[in-house]
2 protein chains.
Amino acid sequence: MATGSRKATLHDVAKCAHVSVASVSNYLNDYPYMRPSTRERIQKAIDELGYVTNQQARNLRSGRTGLISLSLPDLNQIYFAELAEETIKQAREYGYRVIIESTGNDRQREIDSARAMASNMTDGLILSPTQLRTEDIPELEGDYPLVMLGERLFGAPAPHVVMANETAAQAATEHLLKAGCRTIAVVGGTLDDSVPSSRSMRTKGYVNALVDRGQSVRSELIRETGEWTSAEGAQAVRNMYAQGIRPDGIFALNDLLAMGVISQLREMRVRIPESVRVVGFDDIDEAKYTIPSLTTVDPGRATIAKLAIESILSQLKNGARAPRSRIDVAFQLKYRASSPQV
Amino acid sequence: MATGSRKATLHDVAKCAHVSVASVSNYLNDYPYMRPSTRERIQKAIDELGYVTNQQARNLRSGRTGLISLSLPDLNQIYFAELAEETIKQAREYGYRVIIESTGNDRQREIDSARAMASNMTDGLILSPTQLRTEDIPELEGDYPLVMLGERLFGAPAPHVVMANETAAQAATEHLLKAGCRTIAVVGGTLDDSVPSSRSMRTKGYVNALVDRGQSVRSELIRETGEWTSAEGAQAVRNMYAQGIRPDGIFALNDLLAMGVISQLREMRVRIPESVRVVGFDDIDEAKYTIPSLTTVDPGRATIAKLAIESILSQLKNGARAPRSRIDVAFQLKYRASSPQV
DNA sequence: GTGAAAGCGCTAACAC
DNA sequence: GTGTTAGCGCTTTCAC
């Protein structure tokens with residue numbers, strides 16, 4: 001490596017190796033038809049000058065950046081942090097890097113994520129909105145690669161990768177039913193389905209499972225909560241018991257709620273799973289470490305990330321936005337100690 | 001917005017507005033000396049053509065990208081996810097976006113993060129390594145803006161923003177002492193300080209506090225753990241009690257451990273804080289929601305992110321890497337129910 | 001105040 | 001096989 005005063009360019013390398021810039025460029029891009037001796041001279045010059053390709057110039061020329069935008073509500077929510085981690089990992093497999101936008105559940109920032117795509121800074125956008133409304137769909141028009149995530153804006157003009165909220169919740173509930181539970185509470189649930197959301201979809205799955213078994217849906221077993229935190233999960237259990245409700249199964253709509261549920265039940269000396277089975281949703285890392293460890297729904301985070309990245313790259317290859325479509329991701333029930341498989 | 005066949009360029013706008021490209025460029029960059037009528041014509045043309053500046057071209061010309069790399073071990077670790085969130089937020093304040101590299105505690109990937117800087121893709125690097133060794137320091141030479149984070153590689157040729165692991169741990173322990181605790185266990189601690197780490201620094205702080213009070217350090221109160229998970233925290237408490245050790249204060253070296261500690265104590269009907277006070281470290285979001293809520297050390301995550309970003313930007317402005325330096329960030333004890341202020 | 005022109009460093013035709 | 005050249009879309013002197 002040279003005592004670089006200024007950064008070496010293709011031009012410098014060409015001069016140093018006594019070849020043309022085209023040859024150097026070819027060399028860098030693995031052009032096959034090239035005399036070995038030329039190759040060597042070029043490589044030597046590169047080493048000597050400590051040359052590194054300037055990505056920006058390459059980007060301008062090629063129209064690609066090797067960057068993908070991932071727009072999420074909030075990395076403080078474990079689910080999204082873990083999704084981001086998976087997405088970064090997947091992108092790296094293909095030589096891509098990820099810019100993360102955190103929108104903080106702000107509609108304008110969600111729109112801005114889309115608008116930023118017009119400036120060519122990244123090769124594609126993976127967007128997980130929570131506030132966008134149907135009227136915002138025009139903001140998503142464009143020819144850049146786009147993949148939608150989450151429960152909103154199914155009308156968006158792009159592929160939409162969705163987790164199986166409803167069927168997974170149904171399977172979780174069926175598991176409890178099959179294990180003999182007859183009084184299954186759903187913590188975090190709601191019967192309000194005016195706005196599609198994880199909350200409403202998962203509750204619907206729960207209801208479906210009961211109905212399929214000919215069981216009645218008891219509204220006192222549907223425990224609404226505010227935020228999905230462990231404190232709310234614990235509170236929900238306390239309230240339920242205070243009202244004399246004694247479930248033998250609890251389906252918490254995410255793992256944090258489930259952690260609160262477990263902690264409260266243990267506090268109350270309720271045995272898990274002997275007296276009450278507990279099932280969560282998301283399969284966050286901590287679910288393995290609760291006591292007892294948490295049976296939960298793995299919504300296929302890794303698959304979601306993989307499909308999203310692959311769709312972006314295939315749209316990029318085709319040079320066109322893929323049409324609106326829906327890609328359902330398989331879920332998996334992870335059986336752990338809080339409700340073993342029967 | 002026009003029925004853009006192809007994306008409009010500066011050139012197109014210039015032609016449409018009957019001015020030169022220079023004027024359009026000036027307009028876009030808020031050049032003050034410009035006839036209002038010209039301004040208007042240009043703006044009209046921009047609207048008409050739906051022109052958006054091409055960032056890549058601007059980047060090539062200006063040598064800047066508006067991107068900062070943040071290289072972290074793992075977004076699945078809540079602390080890092082929350083740090084990333086803060087960093088993204090701070091960067092946005094200055095009009096910057098963040099590329100997140102997740103190195104998975106892999107030394108080669110940590111090195112790659114640094115090497116990637118040579119290609120001009122981002123304007124600076126915030127690096128939080130866990131595996132880099134002193135011999136890797138040469139990899140960090142360069143004139144690009146760099147900020148180091150964490151407990152390693154203090155010899156690196158760049159500013160190093162560090163949290164007050166030792167003094168914060170000392171303060172946390174002093175708080176317990178002041179509250180009357182006489183048998184304070186440290187969960188996650190270690191007396192091995194051969195490798196500098198959060199673990200060893202925080203333990204050292206704990207020891208300092210005891211020594212300052214003239215108390216002896218009892219090795220059976222230093223409870224080593226494997227990973228810092230809540231399961232390990234709970235296990236540590238069980239082991240301790242099984243050995244007949246009855247602490248009246250527990251300092252857990254991070255919040256996940258503390259959550260396990262709390263959950264196990266409640267299980268055992270030990271009253272918090274009456275019988276045992278519990279203090280954690282990190283102030284993750286969940287710490288507010290444990291039951292009882294967790295007294296913990298806020299290591300100044302927001303400040304760390306802010307200082308890191310600001311240092312990157314100031315290095316950028318100065319056109320040179322800032323010299324090696326150490327920037328200590330103030331911590332704050334967050335008093336909550338698990339150990340109220342005395 | 002505004003315009004002409006020279007690149008930033010690279011890639012991709014196309015010529016030889 | 002290798003070289004020449006024309007830009008990618010923008011910013012920035014420097015004339016006028």
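When reading the values below, keep in mind they use all heavy atoms of this one structure, side chains included, and skip hydrogens, waters and symmetry mates. Lettering follows sequence order; numbering is per chain, from 1.
A donor N or O paired with an acceptor N or O is not found under 3.5 Å between the base of C/dG9 and the side-chain atoms of A/Arg58.
Checking the phosphate oxygens (OP1, OP2) of D/dT13, no side-chain nitrogen or oxygen of B/Tyr31 falls inside 4.0 Å. Between A/Ser20 and the phosphate of D/dG3, there is a side-chain N or O to OP1/OP2 separation shorter than 4.0 Å. Using a 4.0 Å cut-off, some side-chain N or O of A/Thr38 falls inside it from OP1 or OP2 of D/dT2. At the phosphate of C/dT11, neither OP1 nor OP2 sits under 4.0 Å from any side-chain N or O atom of A/Ser62. Remark: A/Asn26 is not in phosphate contact with C/dT11, judged by side-chain N or O atoms under 4.0 Å from OP1 or OP2. For the OP1/OP2 pair of C/dT11 and a distance below 4.0 Å, the side-chain nitrogens and oxygens of A/Ser25 include at least one atom meeting the criterion.
B/Tyr27 has its OH atom 15 Å from the P atom of D/dC10, to the nearest Å. Atom CG of B/Leu28 is separated from atom C1' of D/dG9 by 12 Å (rounded to the nearest Å). One interatomic measurement links the two molecules: CG of B/Asn29 to P of D/dG9, which rounds to 18 Å at whole-angstrom precision. C/dT11 atom P lies 6 Å from atom CG of A/Leu10, rounded to whole Å. For the pair B/Arg64 CZ and D/dT11 P, the interatomic distance rounds to 14 Å; values are reported in whole Å. Separating the CD1 atom of B/Ile42 from the P atom of C/dG1 is a distance of 14 Å, rounded to the nearest angstrom. In this structure, B/Arg35 atom CZ and C/dG1 atom C1' are separated by 6 Å, rounded to whole Å. Residue B/Asp30 contributes atom CG, which lies 14 Å from atom C1' of D/dT11 at whole-angstrom precision.
The backbone N or O of A/Thr103 lies less than 3.5 Å from no partner atom in the side chain of A/Asp106, so there is not a single donor-acceptor pair.
We find the CD-CG distance between B/Gln43 and B/Leu28 to be 8.5 Å, quoted to the nearest 0.5 Å. Taking CG of B/Leu140 as the start and CZ of B/Arg115 as the end, the distance is 10.5 Å to the nearest 0.5 Å.
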field: Verdict with supporting geometry, B/Thr130 and B/Glu110, side chain to side chain donor-acceptor pair (under 3.5 Å)
entry: CA-CA 8 Å; B/Thr130 63; B/Glu110 292 177 351; 3.3 Å; yes
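Between C/dA5, C/dG3, C/dC8, one nucleotide has an atom nearer to the side chain of B/Ser23 than all others, and that is C/dG3. Counting only heavy atoms from C-beta on, A/Arg61 has its side chain closest to D/dC8 among D/dC8, D/dG1, D/dT12. The nucleotide whose nearest atom lies closest to any side-chain atom of B/Thr53 is, among C/dG9, C/dG3, D/dC10, D/dC10.
Comparing B/Leu60 and B/Met34 by the nucleotide of DNA chain C that holds the closest heavy atom to each, the one mapping nearer the 5' end is B/Met34.
Residue B/Ile327 is tested with B/Val147, B/Val162, B/Leu307 for a side-chain contact (heavy atoms from CB on, under 4.5 Å); the sole match is B/Leu307.
Contact annotation for B/Tyr51: backbone-only contact, meaning every heavy-atom pair under 4.0 Å involves sugar-phosphate atoms and none involves a base.
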